[in-house]
Peer 1: 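Pasting in a structure now, in structure tokens, and then I'll have a few things to ask.
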Amino acid sequence: MIFEKIKELRENSELTQRDIAKILNVSKSTYNRWETGEAFIPLHHLNKLCIYYNVSMDYIIGLLGYKSKNSSTLPLNKTTIGARLLTFRKEAKLSQNALAKILNTSHSTISAYEHGKTLLLTVFAYQIATQFNISLDWLCGKSEKKNR
């Protein structure tokens, strides 16, 4: 799980939760909730951690068992993520309603993601990546390799 990897990376770097919270510009208590699994880390903060530790998103969320390098130091782009979500959904032959049902959300939420109006929630990105064997790095526009 995500929280186990971010804790492991932090401890291996001999940093405190306060150190990482400062890097991410969040409170220590917010970071603590991500590290203990009480809350999902937002995708843009997950990206910042991947850049900081120079690891892939697939590694940090536990989809890869080895430390692959971060392929991009750029911030996430909602339009790119939306386009890739649309590509994935069409290739999987899923309607927006069908994907919404799988993710337990609404059709309008899926539409907002696909049109780049809203950044995909980490919990949804994680569910898509794990359930459909999709690389989170690909989904987030950080890699051209679609499948893990």
Side-chain angles (χ1 to χ4, degrees), residues 1-15 19-21 23-26 30-31 33-148:
M1 294 299 288
I2 297 170
F3 62 91
E4 293 166 342
K5 284 289 185 202
I6 65 175
K7 181 178 181 179
E8 174 187 311
L9 287 165
R10 178 184 60 76
E11 288 177 343
N12 288 344
S13 298
E14 298 182 1
L15 297 168
D19 294 331
I20 297 300
I23 290 165
L24 297 177
N25 198 30
V26 298
T30 295
Y31 179 77
R33 292 180 65 227
W34 299 337
E35 194 175 279
T36 60
E38 291 177 47
F40 265 88
I41 184 171
L43 211 50
H44 68 282
H45 286 301
L46 181 62
N47 184 52
K48 285 181 182 180
L49 277 181
C50 291
I51 292 167
Y52 181 79
Y53 291 122
N54 193 27
V55 296
S56 71
M57 293 182 110
D58 290 330
Y59 172 76
I60 212 166
I61 68 168
L63 298 177
L64 289 177
Y66 58 91
K67 275 190 186 179
S68 61
K69 299 285 184 193
N70 182 32
S71 55
S72 171
T73 58
L74 298 174
L76 297 179
N77 182 302
K78 294 184 289 193
T79 304
T80 300
I81 294 171
R84 294 215 172 169
L85 179 63
L86 176 64
T87 297
F88 147 74
R89 184 179 58 75
K90 288 190 173 195
E91 287 178 1
K93 296 180 174 50
L94 294 169
S95 66
Q96 285 184 339
N97 284 331
L99 182 57
K101 187 174 181 179
I102 290 167
L103 299 177
N104 196 27
T105 191
S106 68
H107 168 274
S108 61
T109 298
I110 300 301
S111 179
Y113 292 150
E114 289 182 355
H115 287 94
K117 294 181 181 184
T118 308
L119 185 62
L120 185 64
L121 290 178
T122 308
V123 67
F124 293 158
Y126 178 81
Q127 190 173 350
I128 290 167
T130 56
Q131 189 168 343
F132 294 96
N133 196 33
I134 299 293
S135 165
L136 185 57
D137 288 292
W138 175 83
L139 186 61
C140 290
K142 296 170 67 67
S143 169
E144 295 306 314
K145 186 177 175 190
K146 185 176 170 200
N147 295 323
R148 293 185 276 124

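Below, each value reflects all heavy atoms present in this structure, side chains not excepted, and no hydrogens, waters or symmetry copies. None of the values given here were measured: they were computed from a predicted structure.
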Peer 1: Output all residues satisfying salt bridge (Lys or Arg N to Asp or Glu O under 4.0 Å) with Glu38, sequence neighbours left out; order by chain, then residue number.
Peer 2: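 With neighbours one apart ignored, the set is empty.
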Peer 1: Taking all non-hydrogen atoms of both residues into account, name the closest pair between Tyr31 and Ala21 and its distance.
Peer 2: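 Tyr31 and Ala21 have their closest heavy atoms at CB-CB, 4.0 Å.
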Peer 1: Looking only at non-hydrogen atoms, find the nearest pair between His107 and Ala100 and report the distance.
Peer 2: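 So the two residues come closest at N-CB, 3.7 Å.
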Peer 1: Any chance you could lay out the side-chain contact (heavy atoms from CB on, under 4.5 Å) test for Thr109 and Leu121, step after step, and finish with the verdict?
Peer 2: CA-CA 10 Å; Thr109 298; Leu121 290 178; over 6 Å; no
Peer 1: Nearest 0.5 Å please: distance from the CG atom of Leu85 over to the CZ atom of Arg89.
Peer 2: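 Leu85 CG to Arg89 CZ: 7.5 Å, rounded to 0.5 Å.
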Peer 1: Could you walk me through whether Leu103 and Ile110 pass the side-chain contact (heavy atoms from CB on, under 4.5 Å) test, one step at a time?
Peer 2: CA-CA 9 Å; Leu103 299 177; Ile110 300 301; 3.9 Å; yes
Peer 1: Once the angle between the rings of Phe124 and Tyr113 is folded into 0 to 90°, is it parallel (under 30°), tilted (30 to 60°) or perpendicular (over 60°)?
Peer 2: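 Rings of Phe124 and Tyr113: perpendicular, over 60°.
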Peer 1: What's the shortest heavy-atom distance between Leu15 and Arg10, and which atoms?
Peer 2: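 In terms of heavy atoms, the two residues are closest at O-NH1, 2.8 Å.
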Peer 1: Let me confirm one number: the CD1-CG distance from Ile41 to Leu49, rounded to the nearest 0.5 Å.
Peer 2: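 One finds 4.5 Å between CD1 of Ile41 and CG of Leu49.
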Peer 1: For residues Asn25 and Lys48, is any side-chain donor paired with an opposing acceptor at under 3.5 Å?
Peer 2: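 No - no donor-acceptor pair under 3.5 Å links their side chains.
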Peer 1: Report yes if the side chains of Thr122 and His45 come closer than 4.5 Å at any heavy-atom pair, otherwise no.
Peer 2: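 No - every pair of side-chain heavy atoms lies 4.5 Å or more apart.
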Peer 1: Measuring from Leu120:CG to Arg84:CZ, what's the distance to the nearest 0.5 Å?
Peer 2: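 Leu120 atom CG to Arg84 atom CZ measures 13.5 Å (nearest 0.5 Å).
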Peer 1: Using side chain to side chain donor-acceptor pair (under 3.5 Å) as the criterion, list what pairs up with Asp19, not counting sequence neighbours.
Peer 2: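 Counting only residues at least two positions away or on another chain, Asp19 forms a side chain to side chain donor-acceptor pair (under 3.5 Å) with Thr16.
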Peer 1: Around atom NE2 of His115, are there more than 12 heavy atoms from other residues, nucleotides or ligands closer than 6.0 Å?
Peer 2: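 Counting neighbours around NE2 of His115, 12 or fewer heavy atoms of other residues, nucleotides or ligands fall under 6.0 Å, so no.
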Peer 1: Got a second to check how far Asn47's CG is from Asn77's CG, nearest 0.5 Å?
Peer 2: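 With rounding to 0.5 Å, CG (Asn47) is 11.0 Å from CG (Asn77).
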Peer 1: Quick one: are Ser111 and Gln96 in side-chain contact, heavy atoms under 4.5 Å?
Peer 2: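 Sidechains of Gln96 and Ser111: in contact.
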Peer 1: So Lys90 and Leu86, do their side chains get closer than 4.5 Å, heavy atoms only?
Peer 2: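 With C-beta onward as the side chain, the pair touches.
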Peer 1: Between Glu8 and Glu4, does the side-chain contact (heavy atoms from CB on, under 4.5 Å) criterion hold? Intermediate values first, please.
Peer 2: CA-CA 6 Å; Glu8 174 187 311; Glu4 293 166 342; over 6 Å; no
Peer 1: Are Pro42 and Trp34 side-chain neighbours, meaning at least one heavy-atom pair lies under 4.5 Å?
Peer 2: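 A side-chain contact exists here, since the closest heavy-atom pair is under 4.5 Å.
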Peer 1: How far does CG of Leu24 sit from NE2 of His44, to the nearest 0.5 angstrom?
Peer 2: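 It comes to 8.5 Å.
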Peer 1: More than 12 heavy atoms of other residues, nucleotides or ligands under 6.0 Å from CG of Asn12: yes or no?
Peer 2: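 It does: Asn12 CG has more than 12 such atoms within range.
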Peer 1: Looking only at non-hydrogen atoms, find the nearest pair between Asp137 and Ser56 and report the distance.
Peer 2: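 Closest heavy-atom pair between Asp137 and Ser56: OD2-CB, 3.2 Å.
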Peer 1: If you compare all heavy atoms of Ala129 against all heavy atoms of Leu63, which two are closest, and at what distance to 0.1 Å?
Peer 2: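 That would be CB-CD1, 3.6 Å.
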Peer 1: Would you please test Phe132 and Leu94 for side-chain contact (heavy atoms from CB on, under 4.5 Å) and show each step?
Peer 2: CA-CA 12 Å; Phe132 294 96; Leu94 294 169; 3.9 Å; yes
Peer 1: Would you give the length of the straight line joining atom CZ of Phe40 to atom OH of Tyr126, rounded to the nearest 0.5 angstrom?
Peer 2: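 The distance works out to 6.5 Å.
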Peer 1: Looking at Tyr53 and Ser13, what are the two nearest heavy atoms and their distance?
Peer 2: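 Closest heavy-atom pair between Tyr53 and Ser13: CE2-OG, 3.5 Å.
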